[in-house]
Every structure is written in C-alpha cells, then in structure tokens.
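Below, chains carry the letters A, B, ... as their sequence lines are ordered, and counting in each starts from 1. Remember, it's a predicted structure, so these values are computed and weren't measured experimentally.
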2 protein chains.
Amino acid sequence: MDDFDRKIIQFIQANGRAGYAEIGAAVGLSVSAVNERLKKLERQGAIRGWSALVDPAAAGCPVLAFVEVLIERPEHEPAFLALVRDEPAILECHHVTGDWSYLLKVRAADIVALEDLLARRIKTLPGVPRSRSVVVLSSAKDSPVLPVPVPPGA
Amino acid sequence: MDDFDRKIIQFIQANGRAGYAEIGAAVGLSVSAVNERLKKLERQGAIRGWSALVDPAAAGCPVLAFVEVLIERPEHEPAFLALVRDEPAILECHHVTGDWSYLLKVRAADIVALEDLLARRIKTLPGVPRSRSVVVLSSAKDSPVLPVPVPPGA
DNA sequence: TCTGAAAAGTCTCCTTC
DNA sequence: GAAGGAGACTTTTCAGA
C-alpha cells in the first residue's frame with residue numbers, strides 16, 4: 001500500500017465507474033499499471049466491492065433511524081446478529097462502548113415499517129430488555145467515502 | 001420507477017462495475033434498455049454516483065465513532081455545517097430527534113486523531129456546549145446498500 | 001513493477017419494431 | 001418504450017525493460 005495505491009483508492013471512491021485510463025491520468029500511472037494494482041487491491045481485500053450510490057427516497061426507503069440496543073447476556077447475541085445479517089433494512093450494526101451494546105443504522109419505507117422492525121423483530125428477541133431510537137429529520141452528509149489519511153512517515 | 005428500475009438499482013448496488021449485458025441478464029432486459037434506464041436514473045438523481053467500497057483498515061482509518069452534538073441556537077449551525085462539509089473524517093451528519101441536535105459518523109486514523117477532531121475542531125465551535133461520543137469496538141455490518149422495498153400496489 | 005501495443009470484449013448510437 | 005447491429009471505446013493480455 002504505497003502512495004499510488006492510496007491515490008487510486010481515493011479516486012475510485014469518488015469515481016467508481018471510471019475507466020483505467022481515467023484513473024491512470026488522475027494518479028499518474030499507465031493503463032496496465034492501474035489494472036494490475038486494482039486487481040491486487042481486490043485480491044488483498046482492500047477493495048471490498050463496487051456499488052452504485054442510490055438516493056434513499058428514490059429507492060423507496062426515506063425513513064432513517066439510529067437504534068441503540070441493549071443485549072443482556074452474551075448467549076443472546078447470536079440470534080440478534082443473525083437478524084442483523086438477514087434484515088436488509090439494517091444497514092449497519094456496530095458493537096459500541098457506553099451504555100448500550102449495539103448501535104444500528106436502519107432504513108425503512110415509512111414509520112410503520114420502522115415500528116414493525118423495532119417492535120416485532122428486534123424487541124421480541126430474548127435478552128433485549130431495552131432499546132432507544134433516534135429518528136433522522138434530515139441529512140447534511142451521508143457518504144460511504146472514507147478519508148485516506150497520509151501515513152506517519154510522509 | 002417501475003419494477004425493472006428497482007431490480008436494476010438493487011443489482012447495481014451490489015455489482016457497481018457490472019457490464020450492461022450482465023445487468024440485463026440479471027433483470028431481464030437488453031443491453032440498450034439497460035443503458036437507457038441507467039442514464040435516466042442518473043439524470044433523475046436516483047443514482048447519485050458510483051463508488052468503490054474500501055476496507056477502512058486498509059485505507060488507514062480503522063477508528064470509527066458516533067458523535068452526538070448539541071447546537072445551542074440556529075445561528076450557530078452554518079459554521080458547524082461548513083465544518084461537516086469540509087472535514088472528510090465526518091462521513092455522515094444527521095439532524096435528529098431527541099436530546100441532541102446532530103449525530104455524526106466519524107472515521108479517524110487513531111484515537112489521537114479522533115480526539116483532535118472532537119476537542120480542537122468541533123467543541124471549539126461557538127454554540128456547541130456539549131457532545132457525547134460512542135466509540136465502535138467492531139462492526140457486524142457496515143454497508144451503504146439500501147433495501148429496495150416492494151411498493152404498496154405489488 | 002511499469003510501459004506500450006495488439007486482441008478480446010464492451011458500450012454507444014442508430015435503426016427498426 | 002424495447003430489441004438488434006455497426007462503429008468507437010475500454011479492458012485484458014502479453015512482450016520487453
């Protein structure tokens with residue numbers, strides 16, 4: 001992972017469908033060099049995949065909420081994580097420090113669908129005594145694009 | 001936005017670099033039809049862009065945190081939102097219901113960089129009396145892929 | 001590991017349905 | 001709107017350094 005790789009990663013996060021020539025022009029490499037480095041980054045797992053960034057309203061899920069969940073004991077976690085894995089409305093699930101066990105990012109078609117997910121699917125799980133939801137009114141920024149910091153010795 | 005469009009959106013969120021032939025085979029359309037629908041979806045803004053999904057550790061920003069921020073009065077919001085816009089470490093900024101004003105998703109190279117962002121850049125803003133941070137220990141799921149619910153009359 | 005050029009494959013545009 | 005075909009472009013592969 002040298003400076004070329006970081007430049008490539010930065011560029012393709014913002015230009016996911018750019019051709020190799022365009023990437024090469026942006027970072028200062030030939031078409032073949034870009035091809036080889038992309039293949040290497042995908043093989044290494046540094047590039048997890050490629051995606052179209054879709055407008056949530058257009059996709060039919062304009063309601064966004066963050067849900068903090070308390071899991072009482074470790075033996076109740078597998079069932080919870082299975083739900084997280086299988087439920088596409090749960091975009092993110094993070095194990096967190098602080099008063100709660102997990103923080104979820106959830107998208108739904110409307111408030112009714114959100115209530116259904118919370119009341120019928122999450123709170124009915126064993127070992128989930130409490131949860132706390134925060135509903136998003138609007139998003140000033142909502143991007144999957146990571147910052148690529150300059151490494152220590154640069 | 002008919003059923004073909006929804007299928008296309010679903011497919012290209014998981015296969016952002018798929019060719020038009022591949023998309024067409026997945027949803028049941030010809031290459032040209034896929035081409036036209038993609039252009040239309042981009043024109044309409046339903047497709048906001050295309051991106052490579054990058055492993056945060058490989059990109060050099062393994063530390064993830066969620067920060068709740070209180071903004072005292074509306075006149076202090078523009079400066080805060082300008083910081084949000086210009087700071088690449090702030091991936092998301094949502095205006096939320098509940099006790100706090102905004103919820104941020106933040107990535108940093110290490111805890112020191114996170115502290116720097118919180119203590120030197122956010123808490124020094126006027127009208128920001130309090131904030132509360134939750135650090136992520138691990139992520140069971142972290143995806144930008146939206147669910148595409150079936151519409152009411154289907 | 002990079003460059004450069006040829007081969008294979010893909011997108012784009014145009015015509016027709 | 002959707003399908004099919006000719007031309008331009010891109011990706012892939014393979015020498016050579």
Check your understanding: Would R107(A) and D142(A) count as a salt bridge (charged side-chain N to carboxylate O under 4.0 Å, His left out) if you check the C-alpha gap in whole Å, the side-chain angles of each, and the deciding distance to 0.1 Å?
Key -> CA-CA 13 Å; R107(A) 281 207 181 270; D142(A) 187 6; 2.9 Å; yes
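Across the protein-nucleic acid pair, D5(A) atom CG and dC2(C) atom C1' stand 13 Å apart, rounded to whole Å. I12(B) places its CD1 atom 13 Å from the P atom of dC11(C), with the value rounded to the nearest Å. For the pair E22(B) CD and dT11(D) P, the computed distance is 15 Å after rounding to whole Å. Separating the CG atom of L38(A) from the P atom of dT10(D) is a distance of 15 Å, rounded to the nearest angstrom. When the C1' atom of dA17(D) is taken as reference, atom CD of E36(A) falls 13 Å away, rounded to whole Å. The distance from atom CD1 of I23(A) to atom P of dC2(C) is 14 Å, rounded to the nearest whole Å.
Between N35(A) and dT12(D) there is a side-chain N or O to OP1 or OP2 distance below 4.0 Å. Here R37(A) reaches the OP1 or OP2 of dC2(C): one of its side-chain N or O atoms lies under 4.0 Å away. For dT11(D), neither phosphate oxygen OP1 nor OP2 lies less than 4.0 angstrom from any side-chain nitrogen or oxygen of K39(A). Distances shorter than 4.0 Å separate none of the side-chain N or O atoms of Y20(B) from OP1 or OP2 on dT10(C).
Residue-environment remark: CD (E115(A)) stays at or below the threshold of 12 foreign heavy atoms within 6.0 Å.
At a threshold of 4.0 Å, the pair R121(B)-D116(B) does not count as salt-bridged, since none of the basic side-chain nitrogens sits closer than that to a carboxylate oxygen.
Nearest-nucleotide positions on DNA chain D place F4(B) closer to the 5' end than the other of R17(B) and F4(B).
In this structure, the nucleotide among dG4(D), dA2(D), dC2(C) sitting nearest to the side chain of S32(B) is dG4(D).
Minimum interatomic distance between L29(B) and I8(B) (heavy atoms only, all atoms of both residues): CD1-CD1, 4.2 Å.
Summarising the geometry, atom NE2 belonging to H94(A) is positioned 8.0 Å from atom CZ belonging to F66(A); distances are rounded to the nearest 0.5 Å.
Here K40(A) lies out of heavy-atom contact (under 4.0 Å) with every strand.
When the C1' atom is compared between dA7(C) and dA17(D), the two are found 22 Å apart, to the nearest whole Å.
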